[in-house]
Number of protein chains: 2
Amino acid sequence: MKRTTIGDVAAAAGVSAATVSRVLNGGAVKEDTATRVWAAAARLDYTPNALTKSIFAGRSNTIGVIIDDLRSPFYLDLMRGIDEVADANGSLVMFANTFHRSGHEVAQVQTMDEQRVRGLVVTTGDSTDERTGRMAAGGTPCVIVARPAPETQPNLHSVALDNVAAGRLMAAHVLACGHRSVGVVVSGGRPSQRDRTEGVRRGLAEAGVPLPPEAVVSVETDDRAEAALAKLLDRPVDVVACLTGRRTVAVHTALVARGLSIPDDIGFLTTDDFAWAPALGITVVAQPAHRMGQRAAELIIDNPGEPARLTFQPELLARTSCGERR
Amino acid sequence: MKRTTIGDVAAAAGVSAATVSRVLNGGAVKEDTATRVWAAAARLDYTPNALTKSIFAGRSNTIGVIIDDLRSPFYLDLMRGIDEVADANGSLVMFANTFHRSGHEVAQVQTMDEQRVRGLVVTTGDSTDERTGRMAAGGTPCVIVARPAPETQPNLHSVALDNVAAGRLMAAHVLACGHRSVGVVVSGGRPSQRDRTEGVRRGLAEAGVPLPPEAVVSVETDDRAEAALAKLLDRPVDVVACLTGRRTVAVHTALVARGLSIPDDIGFLTTDDFAWAPALGITVVAQPAHRMGQRAAELIIDNPGEPARLTFQPELLARTSCGERR
DNA sequence: TTGAAAGCGCTAACAC
DNA sequence: GTGTTAGCGCTTTCAA
C-alpha cells in the first residue's frame with residue numbers, strides 16, 4: 001500500500017518536487033502553477049509526511065509527556081494545560097503513562113528522546129534525572145513537574161508548587177477550625193510529600209501544636225489505606241490531612257468505612273481540587289494544575305536561555321469537611 | 001547543537017554505518033566488532049533517530065488517539081486501556097484533545113495522518129468520518145469508539161457499547177425501585193445518546209410506562225444543567241436518568257441545588273462508573289471502558305483483514321441513589 | 001562478516 | 001519562477 005509522495009504530485013502536475021514543496025509551504029510560485037499543484041494534490045489525496053519533514057528540522061513538533069498516573073486529578077489538569085498550549089502552537093502531545101513501573105520510566109524518557117520530541121515534560125521521581133539531564137544537555141528542553149530541577153543546567157526547567165506553603169495553609173485552616181490533634185497521610189517519601197509535611201509541622205508549631213512522628217502515615221497504594229488509617233487513629237485525632245490527591249478517594253472511603261462521620265466525628269481535608277469536592281463538601285488545598293501545565297508547555301516552546309524554576313502558590317478552598325471555622 | 005548520528009558512531013568505531021546499523025538491530029556481526037560499536041555508541045551518547053527509521057517502515061510506531069474531552073471518566077479509562085496495550089507492544093500514544101472545537105477535529109485527524117501513525121482511535125462525532133475513511137483506505141487501521149463504524153471498509157473498525165441495552169438496564173432498575181415517572185438527561189443528539197434513550201423508552205414501554213418527549217432534555221454544557229433540569233422537573237418526576245457520564249457532576253449538582261435530596265425526594269442514576277460513585281451511593285450503568293480501550297489498541301496492532309465491529313455489554317452497578325429495590 | 005551505494009520523502013541551495 | 005542537485009539519518013540491497 002504505497003502512499004502518494006511529493007514526487008507523484010509533481011509528476012501529475014507536470015512540475016518538479018521542489019515546486020510542489022514551495023506551493024505547500026508558501027514559497028514564490030506563479031498562480032496557475034500553484035492551482036495545478038493543489039488540484040493534483042487533492043486528486044491524489046496527498047498527505048505530506050511529517051516524519052520526513054522533521055528530519056530536516058532535526059526534531060519533531062511533538063511534546064512528550066511522561067506521567068505516573070493520569071487518574072490523579074492534578075495530572076489530568078496538568079495534561080489539559082499542556083495540550084492546550086501545544087495545540088495552540090500547532091504541536092502535538094505524545095504521552096506515556098508509567099503506572100509507577102519503576103525501571104520503565106527511564107526507558108520511556110529514552111524513547112521520547114529517540115522520537116526527537118521538541119521538548120519533554122516529566123512528572124516521575126528522580127530515577128529519570130540522569131537521562132533527562134543528558135537529554136537537556138543534548139538540546140531538548142525538559143520540564144520537571146512537581147519538584148525543583150535537580151540542578152541548574154541549560155534547557156532544564158521546573159514547575160512546582162510551593163509545597164511548604166501548602167502544608168502551612170492546611171495547618172492554619174485546621175487550627176482555625178479548632179482542631180488540635182492532626183493526623184497526616186502521605187504517599188511515599190517524594191520531596192513534595194516531605195515538604196508538605198514540613199509545612200504542616202511548621203504551621204502547627206507556630207501555634208504550639210506538635211506533630212509527632214506517629215501522626216504521619218504513608219499510604220503507598222489504595223488498598224493499604226484502611227490499615228494505615230487504623231494505625232493513625234490509634235491515638236486521638238481530630239482531623240486527617242491527606243497530602244496526596246492520588247489517595248483522596250481511598251482515605252476518605254477508609255474513614256467512612258470506620259463509621260466516622262465527616263466533619264462531626266473527624267475533620268478531613270486533602271490536596272488537589274476535584275470535580276466532586278464541592279458536592280462532598282471536601283475542603284482542599286488546590287494547585288493551579290492547569291496553569292502549571294500551560295507554563296510547562298510554554299517553557300518548552302519558548303525555551304528561555306536561563307533555566308527557569310517556576311514556583312506556584314497553593315490556594316485553600318474551604319468547604320465543610322473540617323467543621324466550621326471559628 | 002548537532003546530535004550524534006550513526007555515522008559518528010561508525011567513524012569512532014572504525015566501521016561503516018551499515019555495520020553499526022546491523023549491530024543495533026541484531027544483524028550478523030563479529031563479536032568484537034559489536035563490542036567496539038557498543039562502546040563507541042555509549043561513549044558518544046548515541047540515541048538513534050526513530051523518525052528516520054519510520055521513513056523506511058512507511059509509518060511510525062505511534063498510535064494516535066483523538067478524544068473529545070479527557071475529563072470524562074469513560075474516556076480516561078479508555079485511554080488507559082489503549083496506553084497499556086500500546087506500551088506492551090513497544091508503541092507510543094499520541095494524543096489530541098478536541099474539546100469539542102468542531103472543525104478542529106478533522107484537522108486533527110489529518111495531522112495524525114501526516115504523522116503516519118500506526119493506527120488511529122477516534123472518539124469524535126461523525127464530522128471526521130470522511131477523513132477517517134480515507135485514512136483507512138490509505139492503509140492505516142482506524143478504530144471508531146462509542147458508535148458503530150459508518151460503513152464496512154477494510155482497516156476501519158469500531159468498538160461500542162450496546163447502548164440500547166444500557167437504556168434497558170436503567171429502565172429495569174428504576175422500575176424495580178418502584179419509580180414510574182422517569183426524566184432523562186442526554187447531551188446532544190449523538191447516536192449513542194439516541195440509542196440509550198430508545199433503550200429506556202422500550203424498557204419502560206414493556207411495563208406499560210410511557211416516556212413522553214418532554215421527559216427528555218438535552219444538556220449541551222455543564223452550565224446549562226440547571227435550566228434544563230428546571231424544565232424537566234416542570235412535570236412530576238420520580239427519578240432522573242443521566243445518559244451521559246460527562247454531565248454527571250453538573251446534573252447531580254443541579255438536583256441538589258434545587259433542594260432535592262437523593263434518593264428521598266428524587267432518584268438518580270447515571271452512565272459510566274467513577275471513583276466517587278461508591279462514596280456518593282450513585283447507581284450507574286458502567287461501560288467496560290478499560291477493556292474497550294485495550295481492544296481498540298489490539299485492533300490496531302493486529303489489524304484483522306475483516307473489519308471488526310465490537311459491541312460490549314453494559315453492567316448495572318446498583319447502589320442507593322434510586323432508593324431500595326422492591 | 002563487512003562496506004559501498006542506492007534510496008526512503010522531503011527541503012534547501014544554487015543555478016537557469 | 002522553476003528545475004537540478006545535494007543532502008537529512010538511517011536501512012537495505014549487492015558485492016566483495
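Naming convention: chains lettered A, B, ... in sequence-line order (proteins, then strands); numbering from 1 in each chain.
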When you measure from the side chain of A:V15, which nucleotide among D:dG9, C:dC10, D:dG3 comes out closest?
D:dG3

Find which nucleotide of DNA chain C each of A:T47 and B:E31 is nearest to by heavy atoms, and output the residue with the more 5' nucleotide.
B:E31

At what distance, to the nearest 0.5 angstrom, does CD1 of B:I55 lie from OG of B:S60?
11.5 Å

So, are B:D126 and B:R190 salt-bridged, with charged N and O less than 4.0 Å apart?
no

Establish, from distance only, whether the side-chain atoms of B:D69 and B:N97 form a donor-acceptor pair under 3.5 Å.
no

A:T19 side chain N/O closer than 4.0 Å to the phosphate oxygens (OP1, OP2) of D:dG3?
yes

Side chain of A:R22 only, heavy atoms from C-beta on: which candidate in C:dA4, C:dA13, C:dG7 is closest?
C:dA13

Polar contact flag, side-chain donor to acceptor under 3.5 angstrom, A:S192-A:N163
no

Between D:dG9, D:dT12, C:dT11, which nucleotide gets closest to the side-chain atoms of B:T52?
D:dG9

Among D:dG9, D:dT2, C:dC10, which nucleotide has an atom closest to any side-chain atom of A:Y46?
C:dC10

Are B:K2 and D:dC8 close enough that a side-chain N or O sits under 4.0 Å from OP1 or OP2?
no

Rounded distance (Å) that lies between atom P of C:dT1 and atom CZ of B:R36
14 Å

Looking only at side chains, do A:D272 and A:Q287 share a donor and an acceptor under 3.5 Å apart?
yes

Quick one: is C:dC10 close enough that its OP1 or OP2 comes under 4.0 Å of any side-chain N or O from A:S21?
no

B:R59 atom CZ is separated from D:dC10 atom P, nearest whole Å, by 20 Å

Separation of atom CG in A:L24 from atom P in C:dC10, rounded to whole Å:
9 Å

Consider the side chain of B:I55, meaning its heavy atoms from C-beta on, and name the nucleotide among D:dG9, D:dT11, C:dT11 that approaches it most closely.
D:dG9

Rounded to 10°, the angle between the first-five-pair and last-five-pair axes of the helix from C:dT1-D:dA16 to C:dC16-D:dG1 is 40°

Side chain of A:K53 (C-beta onward), nearest among C:dT1, C:dT11, D:dG9
C:dT11

From C-beta outward on A:A17, which listed nucleotide comes closest to its side chain: C:dT11, C:dT2, D:dT4?
C:dT11

Atom-pair distance (CZ on A:R116; C1' on D:dC10), nearest Å
11 Å

Compare side-chain N and O positions of B:N49 against OP1 and OP2 of D:dC8 and report whether any pair is under 4.0 Å apart.
no

Rounded off to whole Å, could you give me the CD-to-P distance for the B:Q115 and C:dC10 pair?
13 Å

Starting from P on D:dC8, measure out to CG on B:D8 and report it in whole angstrom.
11 Å

Residue B:S16, side-chain heavy atoms: nucleotide from D:dC10, D:dG3, C:dG3 that is nearest:
C:dG3

List the atom pairs, donor and acceptor, that lie under 3.5 Å between side-chain atoms in residues 80-89 of chain B and the rest of the protein, sequence neighbours left out.
unit_1 : atom_1 : unit_2 : atom_2 : d
B:E84  : OE1    : B:Q294 : NE2    : 3.1
B:E84  : OE2    : B:H290 : NE2    : 2.6
B:D87  : OD1    : A:H104 : NE2    : 3.1
B:D87  : OD1    : A:Q108 : NE2    : 3.3
B:D87  : OD2    : A:R101 : NH1    : 3.2
B:D87  : OD2    : A:H104 : NE2    : 2.9
B:N89  : ND2    : B:V85  : O      : 2.8

Would you say A:T19 and A:R22 make side-chain contact, with heavy atoms under 4.5 Å?
yes

Taking CD from B:E114 and P from C:dC10, how many angstroms apart are they, rounded to a whole number?
10 Å

Given side chains that start at C-beta, do those of B:V65 and A:F95 come closer than 4.5 Å, heavy atoms only?
no

Round to the nearest Å and state the distance from A:F56 atom CZ to C:dC10 atom C1'.
5 Å

